[in-house]
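All heavy atoms count here, side chains included; hydrogens, waters and symmetry mates do not.
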Amino acid sequence: MISIDTEFTGFDARSWCRLVSLVAPGAIGMAPGSVHRASLEAGGVLWVIYREDGAARAIHSRRGVLAFEAWSASSDLERIAAKHGARYAIAAKEGAIEELYERVGARLHPDDDLFSTVLLVLGALRELIDDGRIHTTPKLMGAVPLPTVEVLHRAWDALLPDGKTAVVATFEDASLDTALIVRRRGASLDRVMGPEALRAMVGPLGGDFRRDFRFVRDGVERSLGPLAFGLYAETETLRTLLRAQDSGLWARGIAAREVMLDPMPAWMAMAAGAGALRSAVSRSQALLEAIGLAGIFGPLAGPVRLATDVLREVDFRAMLGFDPLELLALLIRRSASSPRPEDEERQP
Amino acid sequence: MMRFSTLDPTRWPACLDALSDLGFDAVDLPLVWREHETPDGAFDFVDGRLNLGALLDLVAERGMRAIVRLGPTCAPDAPGLGIPERVLRDRECQARTRRQNPVVAPDPPRLVPLPSLASSAYRSECARWVGAACEALVAHFQNGTVSRLALGHGPDALRREDCLEIDHHPDALEYAPEHNDPLRGAVEREAVRGASFLEHLARTAVDKGFSDDSLLLAVPGAVLLSGVAWELLSERALLCALPLPEAGSEAIWRHARAIASLAKPALVELRVGCHPLGTPRRASYTTPAANLALSAGLRHTTAVMGVSGRGWVGALLDERGVPRAHCPRWRALNRFAATLPEGEEIAATMALSYEGVVEARARTALRPLPMGLLALRDVMAAEFYETDPLRATERELTARGAPWSLALGESHHALEGVEHVTPTLDPPGAALVRAVKTSDGIALVLAASRDVEVRVTPPPGRWTDVEGRDLAGLAVMPGESAMMLQGVGESEVRW
C-alpha cells in the first residue's frame, strides 16, 4: 500500500510504461497523432448522463460527444456500448454523481489510508448502483465482493510483511528490461524503485536471469533490506502468464525455470501448486469425459471436484474473498485490445 | 521544473548544468508551501534542501533566470496539493458541497478536501504564505535572478474551477451574479471569484516588492473554457496548461493557438513524464505534444518535470542530475523552438466572445462534475474539445490546410485572404498550419497531426526550405514539424 510519503525513483518513461503494460496495457497513454486512429478502433469508455424523462448526453473517451438516442433502460447499456465500440460504459442518472460526491465527502476521514479510501468510494458507488442510479458494463461491481479493511490489511501483511522488500525484474535480450522494487515500512511502502535504481544497487549483470537473480537478490537485500519475495522472468513470459486462462501455466513455468521465484513465500507456493493441481484435474476430467470413462471413475469425480474446490477456496478466497489472479487475468484480457507497446520498444 | 527540495543539494549544480546544456535558459522552481512551513507555523527558506538563497546563487552563476512558483498549489508531485495539512483540514478553508460536506479532490493515493478559493480564511492563509515567500525572494528579484513569480492553483490540465462551480461555502455564496440564468450566473460567479482570488495573491506580492508585470497568474483547466482565464487574459500574463496528449493533436493545437493569439505572453506547461499514479506516457507521446505547442506559436514554455527526487516518473534528468535517454529529443525541440518565425500572423480569424465560453460550458456533457472524475484524462480531453462553438469552422479550415487564429470579440469568422498561404496536404487535414509574415517574407510552419507521413505541396509561388533550397514539396513525419519560406518579392501570385 502506498502513502503520500512513498518515494518513486529510478524509472524513466519507457521502463515505467513497460512495467504498467504488463498488467494494464490499456492504461498507457498515446501520442496525439494516434488519437485519430484510436477513435476508429474499438475500446475506450462510454459515459452517459440521463434524466428522468429519458433525455441523455453521452461522451466517448475516444470519439467525443455522441449523438445519442434517448435512455430507456439500464439493460440497454451493454448494447449501446457495443454499438459505439466502447469496452466499458458507465451510465448515471442526473444527480447521481453529485450524490456520490456528497456521500464520499461526508464519510471521508482525513486519516483514512488507501484501503479505507478505496473501500469508502466503492461502497458509496455500490449503494448508487444498487439504487439503480448508476449502471456499468461489464458489471464489475457485481463480480467483486467488497472485502473489509481488516481483510485487506491481513492480505497486505501476508503479501509483504513490515520491514521486508520485494522485487520483480524482467529481462529482454539478455538485459534488464524493467523492474519494480518495493520496501515496506510500517503500514505502507516507503520506497518504490525502478530499474535505474536496481542497476545502481547491483551493477552490471551477466545476461542470464537464471543466474543473475542471485546478484539481484543480494544487491537489493544489501541496499534495502531482506526480501519477502522475488520474481524474475523474461518480459514476454511474464506477460503471457499474467493473461493465462490456464492457471497451471504458472506452475509449469516455475518448473521449467522460465520464471524464477526467489525467495518464494508460502502463499506463492500454494497458489502455484494449487493452480497446477486445478489445471491437472480439469484436464484429466475433460479427458475422462472425452473417452467415456468418466462413468468408471464416477465415484471419484466428486471428491476430486471437492478437492479442487477446496483448493480454490484456500488459495486466496480465504484471505480476500475472491481470486485476484483470475480477476487480474480478466481485466488484462479486457484491457489488452491495445496491442502491447511493440513499436519503438528500445526507444524512450 | 526542478523540484529542488526533493534533491540532494550537492546535486543542484549538476542538474542546473544538465538543464542548461539541453537548451533551457531558465529554471522553473516551485516553492511548496507544505514543505517550507515548520510545525510552529513559521517558514524555513534556509535549511538544507530548502535553502533558496544557495540555489538562486547557483542559478545566477550560470547566467540562467528563475521563475518561482508560490502556488498555493504549484507542483504536481507534491502531496496534499502542496498545502499544509492543517490548512487542508481546517473546515473554514474547505470548499463545500450543497449539503456542506467537503468537496474532495484526488491527491493520490488518497482524497483530500479541496480548499475554497472564496473562503476568507483560506485567502488569509494564502496571503500569509505568499507574503513570507516574497520577503525571502525579493532581493533575488531585484538583482534579476528571479524574473517571474507565478501565483495560483495549478495549472494542471486535469483541473477545472470545480471548487467554485460546486462550492457552497458561505463565502462563495455571498456573491450574487447579475444574471438570472443559472448557467450564466454560475460561470460568472466562478470567473469573478477565481479572478479575485488570484488578484488577492498578486496584491500581496506587489506589496512585498514585486512588480505587477513580473507576475504570472495560474489558470486551472482549459483556457478556452475558463471563465477565470476570460477575466484575466487580456490584462494579465498567465501560467497555463495544455490538454494532455490523449486529447489529440487538434485539441492541443487549438488551445496553444488560443493562448498564443489571445493572451498576453504566457508561460505554458509541457508535460515530461507523469505522476506515478497518473496515466503512463512514453517520451514519444509527450515530445510530439510539445512540438505541436511550439509550432502553434507558443514562445514561453516550461517542461514539467525537469528533475524530481521523489514523486515523478520519466523526468528529463534522473535524481542525480544525469540526463535520461529521451533528452536528445528535448534538446532538438529547444533548438527547433529557436528557429521558429516571429512576426504578424496570416490567418483566417475566428472570434471568441464571453457568450461563446458560456455556450461551450452549457454544452459540456458532464457538467458539473467533481474534479476527481474529470481527472479521467480521456473524458476531459474529449469533452473540452467538442464543446467550443467554433469547432465546425475550425474543422473546415483544418481540413483545407488553412492557417487560423483566434481573436476576442463577438463570435464571427473571417475566412478570406489565406489562400496564398494554404498548402495542399496529402492526406487532407493531416497537418496543422501556421503562417507568419516576417521581415524576410512569409514562413509556413507545418506540424503533423496524425501518425502518418504528410506530403505537402506548397501554395503557388516560389518556396524554399530553411536552407534556401527550392521546394516543390516536402514530407512531414509523424510527431514532427517542417517549415517552408517565401522571400519578400518572390511570390508569383499577388493577392
Q | Contacting moiety of A:E102, where chain B heavy atoms sit under 4.5 Å | A | both
Q: Pick one of side chain, backbone, both or neither for B:I252, based on which atoms fall under 4.5 Å of a heavy atom in chain A.
A: side chain
Q) Quick one: what part of A:S3 sits under 4.5 Å from any heavy atom of chain B, side chain, backbone, both or neither? A) backbone
Q: Write out, in numerical order, the residues from residues 308-318 of chain B with a heavy atom short of 4.5 Å from a heavy atom in chain A.
A: B:G309, B:R310, B:G311, B:W312, B:V313, B:G314, B:D318
(Q) For B:R99, which atoms come within 4.5 Å of any heavy atom of chain A: side chain, backbone, both, or neither? (A) both
(Q) Tell me whether B:R324 is salt-bridged to A:D12, with the criterion being a basic N under 4.0 Å from an acidic carboxylate O. (A) no
Q.
With a 4.5 angstrom heavy-atom cut-off, is it the side chain or the backbone of A:T6 that approaches chain B, or both, or neither?
A. backbone
Q) Side chain, backbone, both or neither: which part of B:L292 has an atom under 4.5 Å from a heavy atom of chain A? A) side chain
**Q.** Residue part contacting chain B, namely of A:I2, when any heavy atom lies under 4.5 Å
**A.** both
Q: Check whether B:P109 gets within reach of chain A through its side chain, its backbone, both or neither, counting any heavy atom under 4.5 Å.
A: both
Q) Is chain B contacted by the side chain of A:V118, its backbone, both, or neither, given a heavy-atom distance below 4.5 Å? A) neither
Q. Have A:H153 and A:D113 got a donor and an acceptor in their side chains that come within less than 3.5 Å?
A. yes
